Amino acid sequence: MKAVSTTAASLTLNIDGQDLSCRAGETILEVARENGIAIPTLCWLEGLSLWGGCRLCLVEIAGSPKLHAACATVCTEGLHVTTNSPRLTHYRRMIVEMLLSERNHVCSVCVSNGHCELQSLAQKLGVDHVALPYRFPKLAVDNSHDLFRMDHNRCILCTRCVRVCAEVEGAHTKDVKGRGILAAIIQDLDQPWGESKTCTNCGKCVNICPTGALTHRGTAVGEMVKKQEFLPYLTLMRGCGK
Ligand code: FES
């Protein structure tokens, strides 16, 4: 058990059997991470404002029948929190299955295959099949930007891109239109990305996207270009050409 030291502005709580202390105002997720306790997340990212949309960080709090989002729940004195249980794993798996079935997440042909947060969460949670019917929506790929690409088929609407664009870059080029399964990330007044007057081409949105929705151009499998022109030059310079 960790030593618990309390000051005027500190609280004590118990997470997964460990007695811990934290500062007033900290969330369960922050305290868990500070103490090496892993809670899965998708929409939360350190440095961005809270969204609380993905619900993967759900935890159990003793005395409360409902589940609570760890990223959005501020600690109070004496909380007893469970971050890992068969019930939580059941709901986390269900959320990942819903995300996988809602759009077109075909990992084998995705540019983010092998470095996708959704894919690795599915692997960690043991999601080896999806019990829900796939929707297979026909969604657009915005190829209009010189540097980047938006594939709406891979988007999980975590809004990290919207928040980093507004809160860190200060451009607020991106936003969300529509509701529910019809929601989509847009640029400015729903223009093609390449026509945006406010995008600064900083690439922050691409770098913090958890899936293959936002990518650099030229990284897709179909864009692989072989440069074989070097060979005649090489053989000439090595003196083996005739
Ligand atoms: Fe908490 Fe998404 S990480 S709701």
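Keep in mind the model is a prediction, meaning the values are calculated, not measured. Atoms within each ligand, like the ligands themselves, are counted from 1 in listed order. One is the number of the first residue; the rest follow in order along the sequence.
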Within less than 2.8 Å of atom 2 (Fe) of ligand 1: protein N, O or S atom count: 2
Pair Arg160 + Glu117: basic N to acidic O under 4.0 Å: yes
Qualifying ring-ring contact (aromatic ring centres under 6.0 Å, His included) pairs, either residue in residues 145-165, two or more places apart: His145-Phe148, His145-Trp193, Phe148-Trp193, Phe148-His216
Short N-O contact, Glu169 and Lys204, less than 4.0 angstrom: yes
Residues in side chain to side chain contact (heavy atoms under 4.5 Å, CB included) contact with Thr173, at least two apart in sequence or another chain: Cys165, Ala171, Gln187, Asp188, Ser196, Thr198, Cys199
With sequence neighbours excluded, residues passing ring pair (Phe, Tyr, Trp, His ring centres under 6.0 Å) with Phe136: Tyr134
Trace of the salt bridge (Lys or Arg N to Asp or Glu O under 4.0 Å) decision for Glu34 with Arg23: CA-CA 11 Å; Glu34 281 164 17; Arg23 295 176 294 280; 3.4 Å; yes
